[in-house]
Amino acid sequence: MAWPVASELIDPIALRAWMDGRHLGSGELTNAALLVGGTQNFLMRFNRSDVVYVLRRPPEHKRKNSDETMRRESRVLAALAGSDVPHPAFIAGEPSLEVIGAAFFLMDHVDGFLATSEGLPQPHASDPALQHRMGLSMVEAIAALGAIDHEAVGLADFGKPGYLERQVPRWRGQLESYSQLAGYTGVQLPAADELGDWLEAHRPKHWKTGIIHGDFHIANVLFSYESGDLAAVVDWELATIGDPLIDLGQLLAMWPSEGNPASLHGVNPGGFCSSDDLLHHYADNSER
């Protein structure tokens with residue numbers, strides 16, 4: 001069996017037997033190739049019976065929660081089936097470590113481009129209207145995600161109560177934990193305490209629970225080659241139940257602009273929406 005990629009992470013014989021047991025094609029697994037995008041987990045595309053699959057598993061050196069992250073991603077992608085949120089369709093998952101030594105899942109291959117690693121192809125690179133549409137389509141995706149009834153799609157227990165209340169203490173604790181690493185010399189963040197205090201003082205008292213992606217920005221979406229629409233939102237490893245306006249806030253905070261083109265590797269985002277455009281479009285497409 002030809003398997004030129006990552007045989008130490010994915011045993012092709014074990015994977016083929018697992019797929020046989022789920023009637024996912026027949027014959028050899030071919031054309032295996034690593035995919036770019038995402039730094040925390042492993043993505044591999046391969047073919048079987050004229051179907052293109054993408055396998056996602058933790059990295060070689062797993063964190064303590066890596067396998068649980070795969071199980072959660074499997075669950076949220078399955079819950080999104082039939083929704084208006086563009087996403088890779090979930091095919092099947094394995095929660096145990098018995099098959100390849102890690103939890104993993106299979107999803108459909110999505111034909112789209114990652115703007116932050118590939119830049120903008122033509123005609124996107126030279127068409128301001130397409131660039132403008134790219135931003136609007138991102139807003140529409142998170143508006144659609146926030147509109148889903150998470151209990152109705154089986155995610156009632158997908159998150160813990162008190163999402164907003166946990167955020168500032170969590171990030172302060174993580175920042176402080178770096179000081180315990182041997183050889184860590186520290187980074188000067190003089191406004192960190194002031195920012196944490198401001199966030200706590202301005203935390204909304206009332207908000208409506210929903211599904212959040214948790215890491216929503218232009219590096220975690222694939223765009224269609226044919227239009228400015230999203231082909232898929234990817235990297236769902238931080239998805240949870242919380243305040244969906246968090247996704248909007250992160251999109252606004254990390255949005256490329258004339259003064260910050262580096263996030264698109266030097267591509268001039270001259271036609272991109274302004275932050276105000278994004279905000280108003282969200283308001284027009286959401287009840288939040």
Side-chain angles (χ1 to χ4, degrees), residues 38-41 56 63-88 90 93 105 135 137-177 192 195-221 230 232-255 275 278-279 281-288:
T39 58
Q40 300 298 320
N41 296 296
R56 185 161 166 91
R63 304 181 302 278
K64 63 180 181 179
N65 64 337
S66 289
D67 293 303
E68 180 59 21
T69 294
M70 291 298 103
R71 299 179 190 111
R72 287 177 63 84
E73 284 199 65
S74 296
R75 189 174 169 191
V76 73
L77 285 177
L80 292 177
S83 74
D84 292 331
V85 180
H87 64 281
F90 176 77
F105 63 90
S137 67
M138 290 191 68
V139 164
E140 290 164 10
I142 51 173
L145 179 64
I148 294 174
D149 183 338
H150 64 286
E151 295 183 354
V153 297
L155 297 180
D157 61 343
F158 196 64
K160 301 176 182 177
Y163 175 83
L164 289 182
E165 291 82 354
R166 295 196 308 274
Q167 297 313 298
V168 170
R170 175 189 179 190
W171 294 118
R172 278 177 161 159
Q174 291 190 339
L175 184 61
E176 176 61 27
S177 72
L195 177 58
D197 292 342
W198 188 95
L199 289 170
E200 287 284 58
H202 292 80
R203 174 163 32 90
K205 298 295 188 294
H206 306 286
W207 49 280
K208 182 180 179 182
T209 304
I211 306 171
I212 64 173
H213 178 272
D215 196 19
F216 190 77
H217 50 79
I218 200 168
N220 278 339
V221 297
L230 287 193
V233 182
V234 296
D235 285 0
W236 291 84
E237 64 187 65
L238 296 182
T240 188
I241 303 303
D243 184 351
L245 290 178
I246 288 289
D247 282 339
L248 176 62
Q250 183 162 19
L251 175 62
L252 294 172
M254 301 181 70
W255 186 243
S275 294
L278 298 175
L279 187 63
H281 196 61
Y282 189 96
D284 289 341
N285 285 272
S286 173
E287 296 181 356
R288 296 183 180 276

Just by distance, do the side chain of [X] and the backbone of [Y] share a donor-acceptor pair under 3.5 Å?
X      : Y      : value
Arg56  : Met70  : no
Asp247 : Gly214 : yes
His213 : Asp235 : yes
Arg288 : Tyr282 : no

Side chains of [X] and [Y]: closer than 4.5 Å at any heavy-atom pair?
X      : Y      : answer
Arg75  : Leu155 : yes
Leu245 : Trp207 : no
Val234 : Pro88  : yes

task = Apply salt bridge (charged side-chain N to carboxylate O under 4.0 Å, His left out) to Asp215 and list each qualifying residue two or more places apart in sequence or on a separate chain.
result = none
At what distance, to the nearest 0.5 angstrom, does [atom1] of [X] lie from [atom2] of [Y]?
X      : Y      : atom1 : atom2 : result
Leu279 : Leu251 : CG    : CG    : 10.0 Å
Arg63  : Asn41  : CZ    : CG    : 6.0 Å
Arg170 : Leu175 : CZ    : CG    : 13.5 Å
Asp157 : Ile241 : CG    : CD1   : 9.0 Å
Leu164 : Glu200 : CG    : CD    : 10.0 Å
Glu140 : Asp284 : CD    : CG    : 10.0 Å

task = In sequence, state the C-alpha distance, the side-chain angles, and the governing distance for Gln167 and Arg203, and then conclude on side-chain contact (heavy atoms from CB on, under 4.5 Å).
result = CA-CA 10 Å; Gln167 297 313 298; Arg203 174 163 32 90; over 6 Å; no
Work out which heavy atom in [X] is nearest to a heavy atom in [Y]; give both atom names and the distance.
X      : Y      : value
Pro169 : Glu165 : CD-O, 3.5 Å
Phe90  : Ser74  : CE1-CB, 3.6 Å
Ile148 : Ser83  : CD1-CB, 3.9 Å
Arg166 : Lys160 : NH1-O, 3.3 Å
Val221 : Ile218 : CG2-O, 3.6 Å
Ser275 : Leu252 : O-CD2, 3.6 Å

ask   = Are His150 and Phe158 close enough, and set up right, to give a side-chain contact (heavy atoms from CB on, under 4.5 Å), and what steps lead you there?
value = CA-CA 9 Å; His150 64 286; Phe158 196 64; over 6 Å; no
key: Over 12 non-hydrogen atoms of neighbours within 6.0 angstrom of CG in Asp84   = no
ask   = Can you tell me if CD on Glu287 sees more than 12 non-hydrogen neighbours from other groups inside 6.0 Å?
value = no
task = Scan Val76, Val233, Leu80 and name whichever one has a side-chain contact (heavy atoms from CB on, under 4.5 Å) with Leu145.
result = Leu80
key: Residue pair Leu238, Ile212: steps toward the side-chain contact (heavy atoms from CB on, under 4.5 Å) verdict   = CA-CA 8 Å; Leu238 296 182; Ile212 64 173; over 6 Å; no
